[in-house]
Number of protein chains: 2
Amino acid sequence: MPERTELRLTPQRGAVLEVLKAADDHPTAAEVYERVRVAAPGIGSATVYRALALLVSTGHALELSLGDGTAARYDANTSRHDHAVCERCGRAVDIDQPVPDGMVAEIARRSGFTITGYDLQFRGLCPECQSGGAGQGPGRRQ
Amino acid sequence: MPERTELRLTPQRGAVLEVLKAADDHPTAAEVYERVRVAAPGIGSATVYRALALLVSTGHALELSLGDGTAARYDANTSRHDHAVCERCGRAVDIDQPVPDGMVAEIARRSGFTITGYDLQFRGLCPECQSGGAGQGPGRRQ
DNA sequence: CGTGATACTGATACTCGTTCTCAACGATTG
DNA sequence: CAATCGTTGAGAACGAGTATCAGTATCACG
């Protein structure tokens with residue numbers, strides 16, 4: 001599978017892309033599937049997964065692993081940015097502040113790695129959940 | 001299930017903890033299972049998962065999602081640190097340099113989140129894979 | 001228009017990591 | 001010794017994602 005020779009923008013793929021562009025949250029593949037079924041009722045989940053993978057590989061979408069052990073999320077914003085994830089409600093918002101270059105260089109020097117990128121997720125409580133209710137906070141990892 | 005009332009250090013749990021402490025890599029649950037079977041031959045995978053969850057919840061181990069979509073990894077080093085993951089061989093090494101406090105504060109201010117922590121993984125090539133061979137690099141995410 | 005090549009589709013079976021269920025086991029207490 | 005209750009191992013169940021496959025749509029060309 002060296003290079004895509006051809007690539008059609010089928011109705012299904014268009015629908016997936018529309019859903020992704022219309023979403024201001026960061027839907028999982030399953031959520032994308034649900035929403036796409038409104039515009040393309042007969043669509044199968046495999047097709048959604050394939051379309052998402054295609055969009056990611058062609059740079060039209062980003063696949064996010066928000067490090068909470070749950071399913072991958074997708075984002076039509078393809079510029080470099082990170083996320084803050086609410087530990088209570090799972091909502092993710094964009095963070096546009098990059099890690100300082102000096103820090104990356106220092107880490108490359110110390111570890112011997114060639115650093116090609118990084119994934120950074122902040123954890124905490126979103127404004128709604130801070131005020132919202134006093135429910136129990138699950139608390140995960142580190 | 002408010003608080004652990006009792007907690008036995010059973011041979012199985014001890015074996016899991018030993019494996020974790022002896023590991024200088026960051027084994028997945030499946031790898032822990034394999035290694036534990038040497039010391040505790042009849043052990044079941046469910047027991048290993050339970051022991052790992054227990055160790056994590058009592059602060060004796062850390063569960064890592066290295067953001068590459070693969071299985072969770074475990075680490076007996078419970079102090080705050082991040083990881084650099086090799087994109088070719090999957091190896092993870094520890095990174096001890098924290099994100100500057102000012103950056104975290106700035107992000108909390110801008111997003112309105114109460115930040116309780118973060119997960120940071122650097123991606124790149126480890127020293128071995130840089131020199132090692134010219135194989136094909138997979139290339140994932142962002 | 002017909003024909004063949006090939007990309008794409010949806011259904012479904014499957015894999016894999018992880019969790020759940022449950023009967024049996026074992027340690028502790030009275 | 002009996003009752004209790006946390007723990008165990010086997011295996012079923014689960015959810016996300018992938019592979020397979022037969023059928024369909026689209027394209028290039030004569």
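Order of the sequence lines fixes the chain letters, A, B, ..., with proteins taken first and strands second; residue numbering starts at 1 for each chain. Since this is a predicted model, take the numbers as computed values, not measurements.
- Summarising the geometry, the separation between CZ on B/R37 and P on D/dG9 is reported as 11 Å, rounded to the nearest angstrom.
- The hydrophobic clustering, which links ILVMFWY residues whose side-chain heavy atoms are closer than 4.5 Å, places A/V99 and A/F113 together.
- The distance from atom CG of B/L52 to atom C1' of D/dT8 is 15 Å, rounded to the nearest whole Å.
- A donor and an acceptor atom, one from each side chain of A/T114 and B/Q130, are located under 3.5 Å apart.
- Among the atoms of the strands shown, none is found under 4.0 Å from any heavy atom of B/A30.
- Rounded to whole angstrom, the span from the CZ atom of B/R73 across to the P atom of C/dG17 amounts to 11 Å.
- Distances from the side chain of A/A71 to the nucleotides D/dA16, C/dG17, D/dG6 place D/dA16 closest.
- Here the P atom of nucleotide D/dA28 and the CZ atom of A/R8 are 9 Å apart, to the nearest Å.
- In the model, B/D96 has no side-chain atom that pairs as donor or acceptor with a side-chain atom of B/H81 under 3.5 Å.
- The distance from atom OH of A/Y33 to atom C1' of D/dA16 is 14 Å, rounded to the nearest whole Å.
- Nearer the 5' end of DNA chain D, as judged by each residue's closest nucleotide, is the contact made by B/T10, out of B/S45 and B/T10.
- A donor-acceptor contact under 3.5 Å links the side chain of A/R50 to the base of C/dG10.
- Listed pair A/Y49 / D/dT18 fails the phosphate criterion, with no side-chain N or O lying under 4.0 Å from OP1 or OP2.
- At a threshold of 4.0 angstrom between heavy atoms, the contacts of B/A29 are confined to the sugar-phosphate backbone, with no base atom among them.
- Nearest heavy-atom pair, A/R123 versus B/Y118, reported as atom, atom and distance to 0.1 Å: NH2-O, 3.2 Å.
- Residue-level contact check: A/T47 touches the bases, meaning some heavy atom is under 4.0 Å from a base atom.
- Here C/dA7 presents its P atom at 13 Å from CG of A/L54, a figure rounded to the nearest Å.
- Distance, B/I43 CD1 to D/dT8 C1': 9 Å, rounded to whole Å.
- Distance from the side chain of B/Q12 is smallest for D/dT8 among the nucleotides D/dT7, D/dT8, C/dG10.
- Pairing each heavy atom of A/L62 with each of A/N77, the nearest pair is CD2-O, 3.1 Å.
- To the nearest angstrom, C1' of C/dA27 lies 13 Å from CZ of B/R13.
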